[in-house]
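Okay, so here's the structure we're looking at.
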Amino acid sequence: MENIKLSSNGRYTFLISFGLGTFLFLLFFITRNEDLLICGLIYVIFAIPVNMTVLLYELLHFLMDISERKDSGNSVLLLLANIPIAAMYLLIIFNFS
């Protein structure tokens with residue numbers, strides 16, 4: 001089976017964004033500390049432009065040379081996966097808080 005190729009920019013942006021978001025989510029869910037909601041909101045405000053910048057970079061890189069840039073296309077899909085994950089975390093917080 002062939003490994004899925006990802007660009008390093010997209011992979012690291014996804015991992016850092018997902019990791020920090022999940023950490024804040026789990027920490028809030030365990031402690032129920034309201035200050036973590038503010039930290040999470042600030043984190044999201046900073047994470048959105050960073051993720052969008054990397055997403056647009058990867059998308060443009062993919063569209064410029066589609067034959068050789070499969071890793072950029074895969075990274076775009078990986079970065080887009082952060083959106084439903086964040087929405088799911090938000091729904092869980094609203095429903096269980």
Side-chain angles (χ1 to χ4, degrees):
M1 181 168 198
E2 184 180 330
N3 289 335
I4 297 174
K5 295 180 182 178
L6 300 167
S7 71
S8 60
N9 290 339
R11 179 179 50 235
Y12 291 133
T13 303
F14 171 79
L15 290 174
I16 291 169
S17 180
F18 177 75
L20 284 174
T22 301
F23 175 74
L24 286 171
F25 171 73
L26 290 175
L27 196 60
F28 169 75
F29 208 76
I30 292 169
T31 65
R32 303 289 182 174
N33 185 349
E34 297 290 326
D35 293 334
L36 286 171
L37 285 177
I38 296 168
C39 289
L41 179 64
I42 292 169
Y43 167 71
V44 168
I45 289 171
F46 284 108
I48 287 173
V50 170
N51 278 304
M52 287 301 295
T53 302
V54 174
L55 177 76
L56 289 174
Y57 171 78
E58 293 292 337
L59 184 61
L60 289 174
H61 209 246
F62 174 69
L63 293 175
M64 295 251 187
D65 187 10
I66 197 165
S67 63
E68 296 296 322
R69 302 305 308 167
K70 247 186 179 176
D71 55 345
S72 291
N74 291 335
S75 295
V76 167
L77 295 175
L78 186 63
L79 287 167
L80 286 173
N82 271 334
I83 297 169
I85 292 169
M88 181 184 66
Y89 288 172
L90 189 62
L91 285 174
I92 291 171
I93 288 172
F94 283 156
N95 287 328
F96 292 108
S97 292

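In what follows, residues are counted from 1 in the order of the sequence shown. Quick note: numbers below take in every heavy atom, side chains included, and nothing from hydrogens, waters or symmetry partners.
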Check your understanding: Regarding S72 and Y57, is there a side-chain donor-to-acceptor distance under 3.5 Å anywhere?
Key -> no
Exercise for review: Mind telling me whether F96 and F29 have parallel, tilted or perpendicular rings, with 30° and 60° as the class edges?
Suggested key: perpendicular
Review point. Does a sphere of radius 6.0 Å around CZ in F23 hold more than 12 heavy atoms from other residues, nucleotides or ligands, not counting ones at 6.0 Å or beyond?
Key: no
Review point. Got more than 12 heavy atoms from elsewhere within 6.0 Å of CE, M52?
Key: no
Exercise for review: For residues N51 and L79, report the shortest heavy-atom separation together with the two atoms involved.
Suggested key: OD1-CD2, 3.8 Å
**Study point:** Closest non-hydrogen atom pair between E58 and G10, with its separation
**Key:** OE2-N, 3.6 Å
Practice item. For L20, check side chain to side chain contact (heavy atoms under 4.5 Å, CB included) against everything at least two apart and list the hits. Key: I16, Y43
Check your understanding: Of I93, L24, I42, which is the lone residue that meets side chain to side chain contact (heavy atoms under 4.5 Å, CB included) with L37?
Key -> I93
Exercise for review: Please check if V50 and L60 belong to a single hydrophobic cluster, counting links between Ile, Leu, Val, Met, Phe, Trp and Tyr side chain heavy atoms closer than 4.5 Å.
Suggested key: no
Check your understanding: Under the side chain to side chain donor-acceptor pair (under 3.5 Å) test, which residues partner T53, sequence neighbours left out?
Key -> none
**Study point:** Enclosure of I4 CD1 (heavy-atom neighbours >12, cutoff 6.0 Å)
**Key:** no
**Study point:** Whether N74 side chain and K5 backbone form a donor-acceptor pair below 3.5 Å
**Key:** yes
Revision key, fill the gap. Residue set satisfying side chain to side chain contact (heavy atoms under 4.5 Å, CB included) with L78, at least two apart, ordered chain then number -> L6, F14
Practice item. Walk me through it: do T22 and Y89 pass the test side chain to side chain contact (heavy atoms under 4.5 Å, CB included)? Key: CA-CA 8 Å; T22 301; Y89 288 172; 2.7 Å; yes
Review point. Roughly how far, to the nearest 0.5 Å, is the CG atom of L27 from the CG atom of L36?
Key: 4.5 Å
Review point. Does any N or O in the side chain of S75 come within less than 3.5 Å of the main-chain N or O of S7, such that one atom is a donor and the other an acceptor?
Key: yes
